[in-house]
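Inspection log for the structure reproduced underneath, given as structure tokens.
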Amino acid sequence: PSPRRGEDAQNPGNNLHVSGLSSRTREEDVRRAFERFGVVTDCRIVLDPRTHESRGFAFVSFKSVDEAEEAIRGLHRTDLDGRVIVVEKARRARPRTPTPGTYMGRRPRYDDRRRGYDDRRYDRYDDRRYDDRRYDDRYDDRYRRS
């Protein structure tokens with residue numbers, strides 16, 4: 001039997017979310033602070049995909065749950081690089097699958113591909129036949145009924 005959806009993403013407790021980091025804080029600094037409490041298996045500062053600057057939070061994974069809990073007790077609301085950090089159990093065990101980075105919405109119709117997206121012209125009267133009848137013809141019925 002295959003695992004239920006999202007079951008593999010649950011955090012057993014050894015993955016920590018660290019927020020409040022300075023933009024100057026490096027992964028080595030975070031790793032050094034957390035290694036006092038046990039074996040750190042992974043340490044990642046999350047970066048902005050466009051600017052590659054720190055977004056101010058990181059994920060730290062420990063080998064055991066006990067080490068992670070000790071790190072929470074020892075580092076929550078402490079100072080790191082001049083900023084007070086918040087350390088708590090992460091909601092997920094692994095990062096989310098990255099998105100493709102491009103718009104995956106509606107595919108262009110055949111006419112759009114031929115003309116090009118920017119060359120499309122929308123004329124609100126294309127589907128109506130206003131040119132097939134005169135303006136006065138719409139009011140002729142009112143006068144004929146009288």
Please give me the minimum heavy-atom distance between Arg83 and Ser22, naming the atom from each residue. CG-CB, 3.7 Å
Linking I/L/V/M/F/W/Y whenever their side-chain heavy atoms sit closer than 4.5 Å, directly or via other members, would Phe57 and Ile85 fall into one cluster? no
Without swapping roles, check the side chain of His17 against the backbone of Glu88 for a donor-acceptor pair under 3.5 Å. no
Are side-chain heavy atoms of Leu80 and Leu21 found at a separation under 4.5 Å? yes
What heavy-atom pair brings Ala68 and Gly13 nearest, and what distance separates the two atoms? CB-O, 3.3 Å
Just verifying a value: how many Å separate Arg26 CZ and Cys43 SG, rounded to the nearest 0.5 Å? 11.5 Å
Of all heavy-atom pairs linking Ile45 and Val30, the shortest is CD1-CG2, 4.2 Å
When you measure from the side chain of Thr41 to the backbone of Lys63, do you find a donor-acceptor pair of N or O atoms at a distance under 3.5 Å? no
Please name all residues satisfying side chain to side chain contact (heavy atoms under 4.5 Å, CB included) with Ala71, sequence neighbours left out, ordered by chain then number. Leu16, Phe34, Phe37, Phe62
Short side-chain to backbone donor-acceptor contact, Glu53 and Ser23, under 3.5 Å: no
Test of understanding: with salt bridge (charged side-chain N to carboxylate O under 4.0 Å, His left out), list the residues that count as partners of Arg32, not counting sequence neighbours. Asp29
Please determine whether the number of non-hydrogen atoms from other residues, nucleotides or ligands lying under 6.0 Å from atom CZ of Arg24 exceeds 12. no
Can you check whether Arg77 reaches Val86 side chain to side chain, under 4.5 Å on heavy atoms? yes
For residues Val46 and Phe59, determine if any side-chain heavy atom of one lies less than 4.5 Å from a side-chain heavy atom of the other. yes
Set of side chain to side chain contact (heavy atoms under 4.5 Å, CB included) partners for Pro12, sequence neighbours left out: Asn14, Ala93
Might you point out which heavy atoms bring Asp48 and Arg55 nearest each other, and give the distance in Å? N-CG, 3.6 Å
Gap between atom OG of Ser61 and atom CZ of Arg44 - 0.5 Å precision: 8.5 Å
Check: Asn11 side chain, Ala90 main-chain N or O, donor-acceptor pair, under 3.5 Å: yes
